[in-house]
Amino acid sequence: MPQSFFILSGEHLELGADEVVSISKSYDIKTTFLVESKLVIIKSNTPWHKIAERATFVRDCGNISGTFNDISEIEIPVQNPKSFVCRAFNLSSKKINISNIERDAGTILKTRWSSSVSISNPSLVVYLIITDKAKYVGYADSTITLKRPKKTIKYPTELDWKLSRCMVNLSQLKEGDTLCDPFCGTGTILLEAESMGMHSIGIDFDFDMCDITRRNIVANGYDPRVVNSTYQFIPKIKKEIDAIVTDVPYGIASRSSASPKKVIEDLLSAIPKKMKLVLVYKKGINITELSKAKKYEIYRHKSLTRVIVVR
Ligand SMILES: C[S@@+](CC[C@H](N)C(=O)[O-])C[C@H]1O[C@@H](n2cnc3c(N)ncnc32)[C@H](O)[C@@H]1O
């Protein structure tokens, strides 16, 4: 089984690792993985760039070609790249001279391949990743930049794009699947889903919010499907939906019809039990039906810690 690696950016480590695993599982349910510090190793038939195109909290990634004890042993299944650069990462608890490792590996590979070293625009990046348990060799022949939507109309209650994108990925949807956000607000979650090739349906009981969402979606060239209604509309379209991903209203700035606890309980009773669900809400709400679901706490400031729940 091919192996790939993902070095996380450091923001929300557990969330970032689970996001990478979830994306891989959306294409290959047999994905297995290993997490060591900021490193996630994925064993799966999902190509690393499919994950990289979607993952929010990844800074470096590529294929794994094996492990090594000594630099002279490193093996990369690439024939004479035009140019290359070596990048070493020390994710272990020991002090290691990373520059020496990069220089020694560079000298060996330069002779082996007769290729030149290019720091700014290499055709191949060789990665040497050192953890407390192993030394991995990885490589990437392209750099991936996220295809991000633009948010033409913003609003104070909007959820930041990183959490929105990550939540979409935790739902394990893939291109062509349909996500519904029943509290869509300005459409941040819908936009991230559309930018990754999913279809989206937004619902909001506020007419103006529906209008903002539609305009944000159209501005990115996607087809808006936004319903001005309450989440009680979901049963009418449940056959079209593969997952619910939403940011539950919780504050005075976000007009709501009921308390957040009541909204979540009513939402849960309006959707099929087996439907994939990713919610974010303000910490402090206990929902019995979600007591066993996976939860992540996201600290924002002293009066706002969010909880992301994945069922
Ligand atoms: C926290 S905001 C969502 C923000 C959104 N994630 C964004 O990035 O813009 C919650 C939204 O839920 C809507 N809302 C509140 N109660 C509702 C209900 N019962 N049914 C549908 N929408 C509701 C509000 O109008 C508000 O736009």
Side-chain angles (χ1 to χ4, degrees), residues 12 15 56 148-171 173 178-196 198 200-220 222 224-238 240-241 243-271 275 277-285 287 296-298 300-301 303-310:
H12 315 304
L15 198 59
T56 317
R148 291 279 341 292
K150 52 178 185 286
K151 194 81 180 289
T152 332
I153 309 170
K154 295 175 171 285
Y155 202 75
T157 54
E158 71 184 20
L159 187 66
D160 66 85
W161 73 266
K162 287 187 178 180
L163 288 190
S164 300
R165 190 174 183 97
C166 180
M167 285 171 61
V168 173
N169 286 327
L170 291 172
S171 73
L173 294 187
T178 300
L179 167 154
C180 173
D181 178 354
F183 306 104
C184 68
T186 57
T188 320
I189 290 173
L190 308 179
L191 281 172
E192 293 301 329
E194 292 278 350
S195 76
M196 292 187 277
M198 292 138 210
S200 67
I201 304 173
I203 301 174
D204 202 294
F205 75 172
D206 186 324
F207 179 87
D208 294 338
M209 286 299 174
C210 290
D211 185 50
I212 293 177
T213 288
R214 277 190 204 102
R215 285 156 65 191
N216 276 330
I217 290 186
V218 168
N220 285 277
Y222 309 126
R225 196 152 165 222
V226 185
V227 186
N228 183 203
S229 181
T230 72
Y231 54 88
Q232 302 294 358
F233 188 80
I234 295 173
K236 293 193 182 128
I237 51 168
K238 67 177 184 208
E240 298 175 54
I241 303 172
I244 303 272
V245 181
T246 197
D247 170 22
V248 179
Y250 54 82
I252 40 162
S254 173
R255 284 203 305 120
S256 176
S257 45
S259 75
K261 184 172 164 70
K262 173 94 174 76
V263 169
I264 296 171
E265 285 169 347
D266 286 355
L267 174 67
L268 290 172
S269 59
I271 61 176
M275 185 172 281
L277 176 72
V278 184
L279 296 181
V280 62
Y281 53 77
K282 191 174 172 180
K283 189 182 169 186
I285 309 168
I287 309 285
Y296 308 84
E297 287 196 3
I298 314 289
R300 265 288 176 263
H301 49 74
S303 48
L304 178 60
T305 296
R306 289 192 168 105
V307 179
I308 293 180
V309 179
V310 181

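Start at 1 and go down the list; that is how both ligands and their atoms are numbered.
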(message) For ligand 1, which is the ligand I care about here, please tell me if T186 has any N or O atom under 3.5 Å from one of the ligand's N or O atoms.
(response) yes
(message) Out of T230, T213, V245, who is nearest to atom 20 (N) of ligand 1 when you count heavy atoms only?
(response) T230
(message) Less than 4.5 Å apart, side chain to side chain, heavy atoms only: is that true for S195 and N220?
(response) no
(message) When you measure from the heavy atoms of I203 to every atom of ligand 1, does any distance fall below 4.0 Å?
(response) no
(request) Any atoms of ligand 1 less than 4.0 Å from a non-hydrogen atom of D206? List them with their elements. (result) 25 (O)
(request) Report yes if some N/O of K151 lies less than 3.5 Å from some N/O of ligand 1; otherwise report no. (result) no
(message) Within ligand 1, which atoms have a heavy atom of P182 less than 4.0 Å away?
(response) 21 (C), 22 (N)
(message) Please confirm whether Y231 approaches ligand 1 to less than 4.0 Å, judged on its heavy atoms.
(response) yes
(request) Provide the closest heavy-atom pair for Q232 versus P235 in the form atom of the first, atom of the second, distance. (result) O-CD, 3.2 Å
(message) Quick check: closest heavy atoms across I153 and T186, and the distance to 0.1 Å?
(response) O-CB, 4.3 Å
(request) Mark the output for T157 as yes if a heavy-atom distance to ligand 1 is under 4.0 Å, and as no if none is. (result) yes
(request) Would you name the heavy atoms of Y296 and V310 that are closest together and state the gap between them? (result) CE1-CG2, 3.9 Å
(request) Give the minimum heavy-atom separation between V245 and V168, together with the two atoms involved. (result) CG1-N, 4.1 Å
(message) Regarding atom 5 (C) of ligand 1: of the candidates S229, A258, P249, C184, which has the closest heavy atom?
(response) C184
(message) Could you tell me, atom by atom, which parts of ligand 1 come under 4.0 Å of a heavy atom of M209?
(response) 27 (O)
(request) Give me the one residue out of V227, T178, I203 that meets side chain to side chain contact (heavy atoms under 4.5 Å, CB included) with I237. (result) I203
(request) Would you check the N or O atoms of F205, main chain and side chain alike, for any that come under 3.5 Å of an N or O of ligand 1? (result) yes
(message) Tell me the closest heavy-atom pair linking I234 and I271, and the distance in Å.
(response) CG2-CG2, 3.6 Å
(request) Return a yes/no value for L159: is any of its N or O atoms, backbone included, closer than 3.5 angstrom to an N or O of ligand 1? (result) yes
(message) Minimum heavy-atom separation for M275 and K238, please, with both atom names.
(response) CE-O, 3.8 Å
(request) Tell me yes or no: between the side chains of S200 and E194, is some donor less than 3.5 Å from an acceptor? (result) yes
(request) Answer yes or no: does an N/O atom from E158 fall short of 3.5 Å to an N/O atom of ligand 1? (result) no
